[in-house]
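To keep things clear, I will list the structure first and then write my remarks on it.
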Amino acid sequence: MPRDSRRLQEIIAERRARADAQRALGHDPYPPRSGRTHSLAEARALFLASEEAGDSAPSQRVAAAGRAQAIRNMGRIAFIDLEDDSGALQVLISQRALGDDWALIDSLDLGDFVEAAGLMIRSRRGEVSLQADALRPLAKALRPPPEKYHGLQDQELRYRRRYLDLMTNAEAKQTLRTRSEVIASMRRFMDARGFIEVETPMLQSEAGGAAARPFLTHLNALDEPRQLRIALELYLKRLIVGGFDKVYEIGRVFRNEGIGSRWNPEFTMLESYEAYADYHDVAAMVEAGLEQIATEVVGSTRLPWRDGEIDFTPPFARVTMVDAVQEYVGVDFREYDSVESITALLREKGVTVPPDAGWGKLFDELVSELVEPQLQQPTFLLDYPVAISPLAKRTPDDPRLVERFELFVGGWELANAYTELNDPVDQRERFERQLAARDAGDDEAELLDEDFLTALEHGMPPTGGLGLGMDRLAMLLTNQQSIRDVILFPQMRAEE
RNA sequence: GGGCCCUUAGCUCAGUUUGGCAGAGCAGCGGACUUUUAAUCCGAAGGUCCUGGGUUCGAGCCCCAGAGGGCCCA
């Protein structure tokens, strides 16, 4: 944190002096509690209701509180714009009404929390106002707020000091509030379908369930290494083995990888597992869920997105991976089953070939470059190659494919789902193949989780599983292009 | 990892074209004002021009290196 400049130190000193001035007037600059009777929106509503009823003004006294966003002192009368989480309200206050406490006006700074009490009126210019006859400091702000008109523009400060962003940028606050509503709406949807919400370990001996590098830490009490989870999958499936038929978790996962416009090292996933369901059932649930959440949160299934819109009205498009690659690349990918042949295909199509990559990464590259960007409206891409899906069940008619879909929206992967692999023998072979890939240099390959295999050996019913990125869902529903704008405190390099 | 852009007062930004005294608005400070709402009016202040080197009589500006941030690509 950079040291405060001399100018800023002067400003802080001035503000501390005004806190002392409040004490001299018999007011505590930091009283323990507020005596407010109405939020600012409630106070306004009280007046409007009374006006609607034909009364000139409500006779009920109001004590309201909030942050002083503007102070207009006209000499013997002053206007203070207060703001709380419900809205804003103008306080009108006169020297005559306040008496000795009029001196408090000079002790106020922008950013201070203030309480005002009196009757609701309409000012001469028509502004619904609280005509206060009592004023009381609630909390002195020692540091000045950002400039009021433009708000805080500096991207770095907006992320590092999010409270200043929230304080001054209404749009940023609304976006982050919507994120919370998205998560609440998702919980309502899952709960109503009979899922129970569970919590599984974030500290794991071997982080599994996804292809990603984990964060490493140490558990002192047991003197053992631990990894932060990269997915929720393997523990939730243990619960299906145990007999919970519908479980979900909305939780933070951690991937020690890049930071970018759609990537933050910690992000929030929904995962759900439903016994006796398959990936088609999961797709139907995702359609219903996104329809409901969009309707609850935004009020429509047609959402503005960049220059156009995204339509979450079911049913979503469904296309198999085989057909999609045929359409956008022009080949049957099953005929390119060696590293050599798919490398040649990538070269032919002008896709950069990552060095030392196995078949799975090369295939992923092909699809990421040529197929996924095409999928702007919600589209289920179905039936993935088994090589990049070590936890999914093979399709009945082609053992090279698995019953898996990813849902793409706006060209982004939003969700990933399988008919879960519940054959412990096949699962062990898949893990061993992953270990071989790891030995060949793929440090994102799955580790063999012996306890998870033991659980599968006790028998897991046919199960449909889902993973869905809540941050990206929040981005889609708020029309934000940067994940940092839907995460309250995105990761940043430490200051200094 | 690569490319491009940004960093000047507490905040929002000019100033870089063509090297020549460091600028404005808001906020703050002093004063005026009993219906304002980006209040208005008068006055006086306020700077690590991101950091470190270099070129030059002279660098916010040109050159080199670095830091932080943003965007795009991998």
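Just so we're on the same page: letters track the sequence lines, and every chain starts at 1. A quick note: this is a predicted structure, and the numbers were derived from the prediction, not measured.
For A:Phe79 and B:U34, the CZ to P distance is 12 Å, given to the nearest whole Å. Between A:Leu89 atom CG and B:U35 atom P the separation is 19 Å, expressed in whole Å. Taking atom CD of A:Gln9 as the reference point, atom P of B:A9 lies 16 Å away to the nearest angstrom. Here the C1' atom of nucleotide B:G28 and the CG atom of A:Leu108 are 15 Å apart, to the nearest Å. Atom CG of A:Asn73 is separated from atom C1' of B:C41 by 14 Å (rounded to the nearest Å). Per the geometry, CG belonging to A:Asp81 stands 11 Å off P belonging to B:U37, to the nearest Å. When rounded to the nearest whole Å, the span between OH of A:Tyr149 and C1' of B:C26 equals 12 Å. Following rounding to the nearest Å, A:Arg16 (CZ) and B:C29 (P) show an atom-to-atom distance of 17 Å.
When the nearest nucleotides of RNA chain B are assigned to A:His150 and A:Leu110 by heavy-atom distance, the more 5′-ward of the two goes with A:His150. Both A:Arg15 and A:Ile77 lie near RNA chain B, and the one whose nearest nucleotide falls closer to the 5' end is A:Arg15.
Nearest nucleotide to the side chain of A:Ala70, out of B:A39, B:U35, B:C11: B:A39. Checking B:U12, B:G10, B:C33 against the side-chain heavy atoms of A:Gln153 singles out B:U12 as nearest. Taking the side chain of A:Arg7 as heavy atoms from C-beta on, and the options B:G10, B:U12, B:U37, the nearest nucleotide is B:G10. In the set B:C26, B:C11, B:U37, the nucleotide with an atom closest to the side chain of A:Leu157 is B:C11. For A:Arg18, taking side-chain heavy atoms from C-beta onward, the closest of the listed nucleotides B:U37, B:G10, B:G28 is B:G28.
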Going through the checks in order, is the side-chain hydrogen bond (donor to acceptor under 3.5 Å, both in side chains) test met by A:His150 and A:Glu147? CA-CA 6 Å; A:His150 299 90; A:Glu147 196 232 26; 2.8 Å; yes
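For the P atom pair drawn from B:C11 and B:C49, the interatomic distance equals 15 Å after rounding to whole Å. Comparing B:A32 with B:A59, their C1' atoms are spaced 44 Å from each other, to the whole Å. Nucleotides B:C5 and B:G25, compared at atom P, are 31 Å apart to the nearest Å. B:G10 and B:C72 have their P atoms separated by 31 Å, given to the nearest Å. Distance check on atom C1': B:C64 versus B:U56 gives 16 Å, rounded to whole Å. Separation of the P atoms belonging to B:G69 and B:G53 is 24 Å when rounded to the nearest angstrom. Between the C1' atoms of B:C41 and B:C63, the separation comes to 49 Å (whole Å). Comparing the C1' positions of B:A24 and B:U8 gives an interatomic distance of 12 Å, to the nearest angstrom.
Looking at heavy-atom distances under 4.0 Å, A:Glu127 makes contact with a base. Among the atoms of the strands shown, only primed sugar atoms or phosphate atoms (P, OP1, OP2) are found under 4.0 Å from some heavy atom of A:Leu152. If you check every strand for non-hydrogen atoms under 4.0 Å, A:Arg143 touches nothing.
Salt bridge A:Arg61/A:Asp133: present, at least one basic N to carboxylate O contact under 4.0 Å. Checked for salt-bridge contact, A:Arg179 and A:Asp471 meet the test: a charged N lies under 4.0 Å from a carboxylate O.
Annotation for A:Asp100: atom CG does not count as buried by contact number, only 12 or fewer foreign heavy atoms lying within 6.0 Å. Around atom CZ of A:Arg318, more than 12 heavy atoms belonging to other residues, nucleotides or ligands sit under 6.0 Å away.
Under a 3.5 Å cut-off, the side chain of A:Gln377 and the backbone N or O of A:Asp311 do form a donor-acceptor pair.
The side chain of A:Ser5 contributes no N or O atom lying less than 4.0 Å from OP1 or OP2 of B:U48. Within the 4.0 Å cut-off from OP1 or OP2 of B:A27, at least one side-chain nitrogen or oxygen of A:Lys148 is found.
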Any chance you could list the contact pattern along nucleotides 67-74 of chain B? Use B for base contacts, S for sugar-phosphate-only contacts and - for none, protein heavy atoms under 4.0 Å, 5' to 3'. -SSSS--S
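By the 4.5 Å heavy-atom criterion applied to side chains, A:Leu142 and A:Arg18 are not counted as neighbours.
Across the strands present, B:A24 finds its partner in B:U12; the criterion is a Watson-Crick or G-U wobble pair with both atom distances under 3.5 angstrom. Pair check for B:A67 finds B:U7; Watson-Crick or G-U wobble, both atom distances under 3.5 Å. Base pairing annotation: B:U34 forms no Watson-Crick or G-U wobble pair, as no partner gives both donor-acceptor distances under 3.5 Å.
In this structure, A:Phe215 and A:Phe254 have perpendicular ring planes: the angle between them is above 60°, well past the 30° mark.
With A:Arg334 as reference, A:Asp332 is the one residue of A:Val331, A:Asp337, A:Asp332 to meet the side chain to side chain contact (heavy atoms under 4.5 Å, CB included) rule.
A:Leu138 contributes atom CG, which lies 11.5 Å from atom OH of A:Tyr30 (distance to the nearest 0.5 angstrom).
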